[in-house]
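Order of appearance sets the numbers: ligands from 1, and atoms from 1 within every ligand. Side chains are part of it too, since the values below use all heavy atoms of this structure and drop only hydrogens, waters and symmetry mates. From a predicted model like this one, the values you see are computed outputs, not experimental measurements.
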Amino acid sequence: MFDNVCQHRAHQLVQGSGRKTTVTCPYHAWTYDLTGQLRAGPNIKSVPDFDPSCIRLTQVRSEAFLSFLFVKLDPEAAPMDEWFSNARKELEKWVPN
Ligand code: FES
């Protein structure tokens, strides 16, 4: 899972839903693969010392917890069971399935 933000000039990458094998930014057409790695862009080969292998989308951590998907914007965030130690037990009591 990645931030929906281009590493070039921070344009929003995608909207809506669908399936793709690459993501191309609508602003200047930088193209990323599904690992978040920059794969192509107009004129990037003509920029001296530009190394596309150093450009990746910002990864966002997530955790499935009792059928909820939590997005963790803090890369240092603890697992839900550690951060909210009683939450699993409490929620299972009210929503057992
Ligand atoms: S902002 Fe995405 S390619 Fe320029």
Side-chain angles (χ1 to χ4, degrees):
M1 185 179 293
F2 302 100
D3 275 341
N4 188 18
V5 177
C6 182
Q7 294 297 295
H8 181 222
R9 296 285 182 249
H11 197 278
Q12 181 178 347
L13 285 171
V14 293
Q15 292 182 324
S17 61
R19 298 178 71 107
K20 292 185 169 247
T21 56
T22 59
V23 175
T24 300
C25 179
Y27 200 2
H28 308 105
W30 278 23
T31 299
Y32 303 87
D33 66 22
L34 298 184
T35 71
Q37 178 66 54
L38 178 64
R39 289 298 175 199
N43 303 319
I44 62 173
K45 290 183 178 151
S46 64
V47 178
D49 300 324
F50 181 79
D51 181 3
S53 70
C54 296
I55 308 292
R56 301 186 66 81
L57 295 176
T58 302
Q59 195 150 19
V60 176
R61 292 175 53 216
S62 63
E63 179 180 352
F65 183 82
L66 295 175
S67 301
F68 294 97
L69 183 62
F70 287 85
V71 174
K72 299 178 172 191
L73 299 178
D74 178 356
E76 306 299 323
M80 288 295 289
D81 277 321
E82 186 178 313
W83 186 65
F84 238 155
S85 60
N86 293 331
R88 180 179 297 274
K89 200 166 147 186
E90 286 291 316
L91 287 172
E92 284 176 336
K93 186 169 52 179
W94 296 104
V95 189
N97 298 316

task: Show your working on side-chain hydrogen bond (donor to acceptor under 3.5 Å, both in side chains) between Thr24 and Thr31 and close with a plain yes or no.
output: CA-CA 4 Å; Thr24 300; Thr31 299; 3.0 Å; yes
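Closest heavy-atom contact between Ile55 and Tyr32: CG2-CE2, 4.4 Å.
Lys72 places a side-chain N or O within donor-acceptor distance of the main-chain N or O of Ala78, the cut-off being under 3.5 Å.
Under the salt bridge (Lys or Arg N to Asp or Glu O under 4.0 Å) criterion, Asp33 pairs with Arg39, not counting sequence neighbours.
Tyr27 forms part of no hydrophobic cluster, judged by ILVMFWY side-chain heavy-atom separations under 4.5 Å.
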Could you give the side-chain donor-acceptor pairs of residues 83-93 under 3.5 Å, partners two or more places apart or in another chain?
residue : atom : partner : partner atom : Å
Arg88   : NE   : Asp81   : OD1          : 2.9
Arg88   : NE   : Asp81   : OD2          : 3.1
Arg88   : NH2  : Asp81   : OD2          : 2.9

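Counting only protein N, O or S atoms closer than 2.8 Å to atom 4 (Fe) of ligand 1 gives 2.
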